[in-house]
Structures are given as structure tokens and as C-alpha cells.
There are 2 protein chains.
Amino acid sequence: MKGLGELERSIMDILWAENAPLTAREVGRLIEDRDLAPTTVMTVLDRLSRKGFLTRTRDGRAWRYQPAASRDAYVAELMLEALDMTGDRDAALTRFAQAVSGTEAEILRKALTELGEE
Amino acid sequence: MKGLGELERSIMDILWAENAPLTAREVGRLIEDRDLAPTTVMTVLDRLSRKGFLTRTRDGRAWRYQPAASRDAYVAELMLEALDMTGDRDAALTRFAQAVSGTEAEILRKALTELGEE
DNA sequence: TCACCTCTCTACAGGACGTAGTACTACCCC
DNA sequence: GGGGTAGTACTACGTCCTGTAGAGAGGTGA
């Protein structure tokens with residue numbers, strides 16, 4: 001998987017936050033604080049779908065874009081990818097476990113416990 | 001934190017694998033399969049220390065480079081960084097927990113348990 | 001038909017990286 | 001002591017990615 005640029009991520013954030021597939025115009029409106037040219041938004045949406053982060057379907061002449069995967073899935077995948085980078089996954093995992101905060105350690109523990117029960 | 005390029009990572013891998021600080025020449029010898037000019041290795045080592053991935057100390061006229069952090073720490077940090085990207089850390093963590101393989105889930109569980117005992 | 005929307009194509013600047021040459025300095029051997 | 005050698009710093013260049021956007025084409029409604 002490739003990383004995302006800053007604008008790309010802003011746009012993914014918008015689409016992840018929204019539940020419905022959006023057109024370029026709609027995304028542009030939601031990102032208004034940056035005052036981007038409409039084509040800029042379109043270009044980025046296009047690149048994102050080319051990279052597989054978005055899927056798009058026709059709606060009249062316009063395209064509607066929506067995330068190909070949930071943000072959680074994306075984040076989890078990034079984490080796994082980082083993990084793949086090491087020779088010693090166990091050490092890295094241990095380190096990671098030590099680094100997450102208390103509440104999050106709790107979440108992780110619970111998720112793992114539920115796993116074990118399946 | 002910034003990501004690493006491909007050559008940068010090869011070089012970090014070498015330095016992570018080695019326990020002693022190496023000179024550019026030594027790194028170059030260890031990476032021989034690529035047949036790089038000595039200055040290429042030096043440039044990359046230099047960039048890596050500029051980015052904070054390496055520290056260097058003088059050894060006569062030469063520099064000796066060593067990782068500023070362990071690979072595990074680096075990987076763990078990458079993972080945390082990915083985690084920071086999401087609005088809903090819990091969901092991402094849960095997702096992650098579900099994605100790691102059984103053995104690794106075990107490792108994680110153990111690390112978390114030990115945490116709890118401290 | 002005219003204004004408009006949306007698309008696709010093309011472009012360009014800036015930064016990161018891989019790659020390396022050049023020029024300068026210090027050191028060792030003959 | 002002079003030349004080769006090793007090591008450094010500085011500079012450079014091509015490529016790819018990303019942010020940014022214009023130009024042109026083809027529908028669409030008034």
C-alpha cells in the first residue's frame with residue numbers, strides 16, 4: 001500500500017466521515033476552507049481511485065466516490081505493514097504493547113480476549 | 001516522523017543488524033550487491049543522520065554511524081503514528097487485534113498482561 | 001443557442017530519494 | 001617529501017509523487 005499525501009488524506013477523511021458516496025463537487029464544498037479549484041479536487045479523487053482507495057460509480061454525468069475500505073481497515077493495514085518491516089515481529093509487538101496508553105491497552109486486551117473466545 | 005526510502009531502509013537494516021557503529025566504507029561493503037559509489041552510501045548516511053535516524057561519532061577522520069533507536073522502537077512508532085491517523089482509535093485497535101495472526105495475538109496478549117502486572 | 005457543469009488530459013513546481021562527481025584534507029608508504 | 005588513498009563536504013541531476021490548476025470536449029437545461 002502506498003501512503004497518502006496531505007490533501008489526499010483530507011479528502012479521504014471527508015469521504016470516511018460521510019456515509020454516502022459523494023461527487024467531486026460535494027467533496028469540494030466540504031473542503032471549502034482550502035479554496036481549491038474544482039479540478040484540483042477532481043484530480044485528487046481520480047488519483048485516489050486509481051490507487052485503489054476509492055471506488056466510483058456513475059451518477060448521470062458525474063462520478064460518485066466512496067472509500068474502498070473503512071478508515072479502521074486502512075489504519076490496521078498500515079500498522080500491519082509497519083510490523084512487516086521488522087525482522088523480529090514479536091519484539092516490535094511487545095514494544096508496541098508497552099507504548100499504547102492504559103485505556104488503549106484495555107481495548108486491545110478486550111479485543112484479543114474476544115478473539116480467543118471465538 | 002518521516003518514512004524511509006528503499007535504499008535508506010536497506011542501510012538502516014544493515015545498521016540495525018550490526019551491533020557496532022559502522023563507517024560508510026563498512027556499510028558500503030555490506031551492501032555490495034548493489035554496487036553503489038562510496039559517495040552514495042555517504043550521502044544516504046548523512047541524510048539519515050540529518051533526519052535523526054542515525055547518530056554519528058568521529059573515529060579518526062571517519063564517522064561511525066549507529067541507529068538512534070532500535071528497529072522495534074521505530075516500528076512501534078510507525079504503528080502508533082498510523083493509529084494517530086484515525087478519529088476512532090478504539091475501532092482501529094480492535095481491527096488490528098483481529099488482523100494479527102494467532103501466534104502474534106498471543107504475544108500481544110502476553111505483553112499486555114505483563115504490563116498489567118507492573 | 002448559450003451558459004454551465006463535469007469530465008479527461010496535460011502541465012508545472014516543489015520536495016524526497018537514488019545516485020554520483022568534484023574538490024579539499026589528512027595520512028601512510030616508499 | 002611526494003604521490004596514492006581514504007574520508008569528508010558540497011553540489012548536482014533525474015525521477016517520482018503530490019498539490020495545484022488550466023484547456024478543451026461533450027452533454028443539458030433555459
Side-chain angles (χ1 to χ4, degrees), chain A residues 1-15 20-68 74 78 81-82 85, chain B residues 1-16 18 20-68 74 78 81-82 85:
Chain A
M1 193 178 29
K2 280 288 313 155
L4 294 176
E6 193 265 321
L7 174 57
E8 288 176 332
R9 226 171 72 192
S10 302
I11 287 185
M12 286 306 294
D13 277 340
I14 287 175
L15 287 163
L22 300 184
T23 64
R25 169 151 301 257
E26 288 161 348
V27 172
R29 252 194 295 271
L30 289 172
I31 216 179
E32 62 186 41
D33 43 318
R34 298 185 61 154
D35 193 35
L36 296 170
T39 48
T40 300
V41 177
M42 283 194 240
T43 302
V44 175
L45 285 169
D46 196 50
R47 285 184 189 160
L48 285 169
S49 36
R50 235 183 272 276
K51 291 193 212 171
F53 287 100
L54 298 176
T55 58
R56 62 184 200 175
T57 45
R58 278 284 179 194
D59 177 12
R61 276 181 301 128
W63 290 105
R64 291 202 165 268
Y65 294 87
Q66 71 184 324
Y74 172 59
L78 274 188
E81 207 172 274
M85 235 191 58
Chain B
M1 193 178 29
K2 281 291 311 157
L4 293 177
E6 194 263 321
L7 174 56
E8 290 177 330
R9 226 171 72 193
S10 302
I11 288 186
M12 285 306 293
D13 277 341
I14 287 176
L15 287 164
W16 272 320
E18 220 64 23
L22 300 184
T23 64
R25 169 152 299 259
E26 288 162 348
V27 171
R29 254 194 294 271
L30 290 171
I31 216 179
E32 63 186 40
D33 43 318
R34 299 184 62 153
D35 193 34
L36 296 171
T39 49
T40 300
V41 178
M42 283 195 239
T43 301
V44 175
L45 286 170
D46 198 50
R47 284 183 188 159
L48 285 170
S49 34
R50 235 184 272 278
K51 292 193 210 170
F53 287 101
L54 298 177
T55 58
R56 61 184 200 175
T57 46
R58 277 287 178 193
D59 177 13
R61 278 181 303 128
W63 291 104
R64 290 201 166 269
Y65 295 86
Q66 72 184 324
Y74 172 59
L78 274 187
E81 207 172 274
M85 234 192 59

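Residue numbering restarts at 1 for every chain, and letters A, B, ... go by the order of the sequence lines.
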Look up atom CD in Glu6(B) and atom CZ in Arg34(B), then write down how far apart they are to the nearest 0.5 Å. 4.5 Å
By side chain to side chain contact (heavy atoms under 4.5 Å, CB included), Arg29(A) pairs with (sequence neighbours left out) Arg25(A), Glu26(A)
Find every protein N or O atom lying less than 3.5 Å from an N or O atom of nucleotides 1-4 of chain D, and list the pairs.
none

For Ser49(A), the side chain to side chain contact (heavy atoms under 4.5 Å, CB included) test, sequence neighbours excluded, returns Asp46(A), Leu54(A), Arg56(A), Tyr65(A)
Would you mind building the protein contact string for nucleotides 25-30 of chain D? One character per nucleotide, 5' to 3', B for base within reach (heavy atoms under 4.0 Å), S for sugar-phosphate only, - for untouched. -B-S--
Ring pair (Phe, Tyr, Trp, His ring centres under 6.0 Å) partners for Phe53(B), two or more places apart: Tyr74(B)
Gln66(A) and Pro21(A): which non-hydrogen atoms are nearest, and at how many Å? OE1-CG, 3.8 Å
Those residues at least two apart in sequence (or on a different chain) that pass side chain to side chain contact (heavy atoms under 4.5 Å, CB included) with Arg9(B) are Met85(A), Leu4(B)
Thr40(B): which residues meet the side chain to side chain contact (heavy atoms under 4.5 Å, CB included) condition with it, sequence neighbours left out? Leu7(B), Leu36(B), Ala37(B)
Touch check for Arg34(B), heavy atoms < 4.0 angstrom, all strands: base, sugar-phosphate only, or nothing? sugar-phosphate
I want to check something: taking the side chain as every heavy atom from C-beta on, are Leu45(A) and Leu22(A) in contact at a cut-off of under 4.5 Å? no
Gly52(A) versus Ala68(A), closest heavy-atom pair with distance: O-CB, 3.3 Å
For Glu8(A) and dT18(D), give me the distance from atom CD to atom P, rounded to whole Å. 5 Å
So which pairs with a foot in residues 20-51 of chain B pass ring-ring contact (aromatic ring centres under 6.0 Å, His included), sequence neighbours left out? none
Report the residue (Thr43(B) or Thr43(A)) whose heavy-atom-nearest nucleotide on DNA chain D is the more 5′ of the two. Thr43(B)
Note: chain A reaches DNA chain C at heavy-atom distances under 4.0 Å over the stretch, first to last nt, 5' to 3', of dC5(C) to dA11(C)
Got a sec, which residues hit salt bridge (charged side-chain N to carboxylate O under 4.0 Å, His left out) with Arg58(B), two or more places apart in sequence or on another chain? none
Closest non-hydrogen contact found for Val41(B) with Ala24(B) is CG1-O, 3.7 Å
Remember a base hit wins even if backbone is also touched, and classify Thr23(B) as base, sugar-phosphate or nothing at under 4.0 Å, heavy atoms. nothing
Quick test of your reading: applying ring-ring contact (aromatic ring centres under 6.0 Å, His included), list the pairs with at least one residue in residues 25-48 of chain B, sequence neighbours left out, ordered by first then second residue. none
What's Gly28(B) touching, base or sugar-phosphate or nothing? Going by heavy atoms closer than 4.0 Å. nothing
Applying a 4.0 Å non-hydrogen cut-off, can you work out what Gly3(B) is touching in the nucleic acid: base, sugar-phosphate, or nothing? sugar-phosphate
Sorted by number, the residues of residues 44-56 of chain A with heavy-atom contact under 4.0 Å to DNA chain C: Arg47(A), Arg56(A)
